[in-house]
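Worksheet for the structure shown next.
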Amino acid sequence: MNQIIEITTEFIRLDSLLKLGGAMDTGGQAKFVIQNGEVTVNGETCTMRGKKMRDGDYAEFDGDRYTVKVVEE
């Protein structure tokens, strides 16, 4: 599944993206799977939960993709 996550800011942190996308219920769960190497960003494993995700970036976890789209307020 590919989910488009719309934000109105310049970037969103990776852990917040996963939580907003519904992949996790809490930021703590997101932190755990990211630090465990279970998440890829733009095709590469990423262990930085604070990674800044900008327009067009995507994260993949458990077979699902979460793509960032910046929209005007």
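Note: hydrogens, waters and symmetry copies are ignored here, and every other heavy atom, side chains too, is used.
- Side-chain contact between I12 and L20: present, with at least one pair of heavy atoms (C-beta onward) separated by less than 4.5 Å.
- Around atom OH of Y58, more than 12 heavy atoms belonging to other residues, nucleotides or ligands sit under 6.0 Å away.
- Under the 4.5 Å side-chain heavy-atom criterion for grouping Ile, Leu, Val, Met, Phe, Trp and Tyr, I4 is not connected to V70 through any hydrophobic cluster.
- Once rounded to the nearest 0.5 Å, the distance linking CG of D64 with CD of Q3 reads 7.5 Å.
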Q. Run the side-chain contact (heavy atoms from CB on, under 4.5 Å) check on E10 and R54 step by step: do they pass?
A. CA-CA 6 Å; E10 179 186 350; R54 300 178 190 278; 2.7 Å; yes

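- Side-chain contact between K51 and V41 is present, with at least one heavy-atom pair separated by less than 4.5 Å.
- Residues meeting the side chain to side chain contact (heavy atoms under 4.5 Å, CB included) test with T26, sequence neighbours left out: Q29.
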Q.
Between T8 and E72, does the side-chain contact (heavy atoms from CB on, under 4.5 Å) criterion hold? Intermediate values first, please.
A. CA-CA 6 Å; T8 57; E72 298 294 323; over 6 Å; no

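- Under the 4.0 Å criterion applied to side-chain N and carboxylate O atoms, E60 and R65 are assigned as salt-bridge partners.
- Nearest heavy-atom pair across N2 and Y66 is OD1-N, 4.5 Å.
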Q: Show the numbers, then the answer: is there a side-chain contact (heavy atoms from CB on, under 4.5 Å) between L18 and I34?
A: CA-CA 10 Å; L18 292 175; I34 293 166; 3.9 Å; yes

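- When side chains are defined from C-beta on, V71 does not count as touching I7, because their heavy atoms never get closer than 4.5 Å.
- Across L17 and A59, no two heavy atoms sit closer than the pair CD2-CB, 4.0 Å.
- Contacts of N36 classified as side-chain hydrogen bond (donor to acceptor under 3.5 Å, both in side chains), with partners at least two apart in sequence or in another chain: E38.
- The minimum heavy-atom distance between D25 and K19, with the atom names listed, is O-CE, 3.8 Å.
- By the salt bridge (Lys or Arg N to Asp or Glu O under 4.0 Å) test, R49 is found to be paired with no residue, residues two or more places apart in sequence or in another chain being considered.
- R13 CZ to M48 CE: the interatomic distance, rounded to the nearest 0.5 Å, is 11.5 Å.
- A distance of 10.0 Å separates CG in L14 from CG in D57, rounded to the nearest 0.5 Å.
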